[in-house]
Amino acid sequence: MNDAEVALESTVAALADSQDQLVFLQQAVGRAVNARGVEDLLILLEDALELLGAEGTALYVNGFWVGTVPAWLADEAPPERLTYTLAGTHPDAPAAFLGVPFERGWVAFWTTAGTFQSGDGRLAQTLANLISSTLDAIWLRERQLQQDIEHHDQALAARIWRYVVPEHLSAPKNYQLASLSQPALQVGGDFHVAVDGWVVVGDVSGKGIAAALFTGMFVSALRLAVQHADMGAAIAGVLHPQLESAGMLATVVAVRLQPNGTFEYFNMGHPPILVRRAGGQIESLGPTAPPLGTFAFDSYPTERGQLYPGDMMFLYSDGLNEAQRLSPEEKLELFGLWKVRHTLAHAAETPTLALPHLTQALNGWDVVDDLTMVLLQYVPQAPARPEGNSVLELHLPADTAQLAALGTFIRDACHDLDQPGLPELAVTELAVNAIVHGGARHLLAIVRRVPGGCLVTLEDDGRAFDPTAQEEKVAGELREGGYGLLIVRRSASELHYRRRFDWNSIELTYLRGASL
Amino acid sequence: MDIVKRPDAAGGVRCLLTGRLDAHQVPRLKAELDPLPPTLHLDLSGVTFIDSSGLAALVGLYKKARETGGHFTISGLQDAVRLILELTGLHAILPIVPAPGVP
């Protein structure tokens, strides 16, 4: 062939090559659209080997080679631009090499015989660009799928949580209650429940479906556990092994409140119960056991206490004390237990009014966890008119502010006496004496119906005082004091005293038909 | 306990008490009536309960009025007040006057 024929044959061959490349690239685009992962893209490169006259190809993405690569290529640094030479030297390096970078990696082609031409470089560059775009699309698709899954999980967790956690709690007898249960953006494991006189607040660690399912288990277990003498052990027996094997924790505080103000509680690693006394002081009842999922005890004995009229108890989750904000010095600051106590101390009188105070205190703070708050105030009602041989009791702090409540209790309990004002007056005198002169801190008034009248007892934990052994001052004398004992003795048919376990116990008998 | 003071036609002070007059309320009453008006009348028609602390306050006001040459009276005694005055024998000693309009 002459030179022109050689040139023509070469041009035709080049055009044919170009045509083959175009067809390959069209097919490559279609395959890239349907690629599920990097392995599909490597296969695409391998299919381009014949077209490029190469013997091998490799794909490097996000710091890793896809599949195995020859030793001479393994440590080769990604080129900064299209290159036909290796950066390093290796005895087994191929005769010809082509490396093309893209945003997240690079592709390599090689052959042990022959060379790569500029047209091969352009094809390789096109393939690299196609691979880069396809990887972006794959990752976008995966991210969208992950978000869809997460969104579905969140919605499912929220449905589970709303199903198992009651929205409202019913107050135990003689208590007023206000509560708030506010899940975080992602449903977690906070819950509150009231069952059989127990009020329970709990917090299962974690978020999403796992936390919501454990919350469901907790609430279900509680409804059965209240039947057991050791409620804490009953709950731990069911939930501790499950939590431990799942690597999760749960804190819980449970209080059983009686109509007479006495209570018992256990606290498994939960923030302390706070009690705001009617006089304003705050008491803290801390944990009695570790969180569930850490160590399990054989038994969970309860601690006991006493609420007096007007006292308010506060149960809450750590979403409150762990609310956070940035200080003026740009440091992360937590709301903290001190601020919880301070806010409670200055909150309004009743649970219904105090709850908004507590939530408003969080203005300016980020509540990053579920938030649960339960306020319970002991507000004993006037006792029902006693029938038969019933016994009525009233526990009070030894404070003159309680005299009205004490007087109302006695008057109502002795309503069927001819003069219910008499026991009311006598008990008030004894109470004031115990408070002012005896240093008492607690009072207990008891009314028992007896045939023909009432036995009224006032007990106090002050200094010993026996009214039967004191000298009584005369009546009809204009003096500013010293009438109390006279009143007590003259009002009752009988008066008895005993000292019982460091308490004064004074018993007065009032009979129907008796006169002064 | 509510304490309402108003001047009366004779230039004195008429004080209406309502509620309980017990050890918890007595400090308030004493503060309201310090200094003691030269002429003071306590209307106790609204007092539902009085204990010996309240009684002592009444006795104290009466004694101070006598010492300073003032005039002190009480009226409107309900059952609770009558009860304690009878128990202590002070019903014949304290200056009880008829309530206005009561013969």
Side chain to side chain donor-acceptor pair (under 3.5 Å) partners for A/His496, two or more places apart: A/Glu494
Non-neighbouring partners of A/Tyr483 that pass ring pair (Phe, Tyr, Trp, His ring centres under 6.0 Å), sequence neighbours left out: none
Ring pair (Phe, Tyr, Trp, His ring centres under 6.0 Å) partners of A/His346, counting only residues at least two apart: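 Result, ring pair (Phe, Tyr, Trp, His ring centres under 6.0 Å) vs A/His346: A/His342.
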Interface residue of largest heavy-atom contact number with chain A, from B/Leu55, B/Ile93, B/Asp79, B/Leu85, under 4.5 Å: B/Ile93
pair B/Leu58-B/Ile50: side-chain heavy atoms closer than 4.5 Å: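 B/Leu58 reaches B/Ile50 side chain to side chain.
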A/Ser505 vs A/Tyr497 side-chain heavy atoms within contact, under 4.5 Å: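 Result no, sub-4.5 Å side-chain heavy-atom pair not found.
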Cationic N near anionic O, under 4.0 Å, A/Arg512 to A/Asp418: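 A salt bridge is absent here (no side-chain N lies under 4.0 Å from a carboxylate O).
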Polar side-chain atom of A/Gln176 near backbone of A/Leu375 as donor-acceptor pair, under 3.5 Å: no
Whether B/Tyr62 and B/Phe72 hold their rings parallel, tilted or perpendicular, with breakpoints at 30° and 60°: tilted
Among A/Ala431, A/Ala401, A/Gly421, residue most engaged with chain B (heavy-atom pairs, under 4.5 Å): A/Ala401
Interface moiety of A/Leu486 toward chain B, non-hydrogen atoms closer than 4.5 Å: side chain
Part of A/Gln402 within contact of chain B (heavy atom distance under 4.5 Å): neither
Within residues 23-40 of chain B, residues adjacent to chain A where the heavy-atom gap is under 4.5 Å: B/Ala23, B/His24
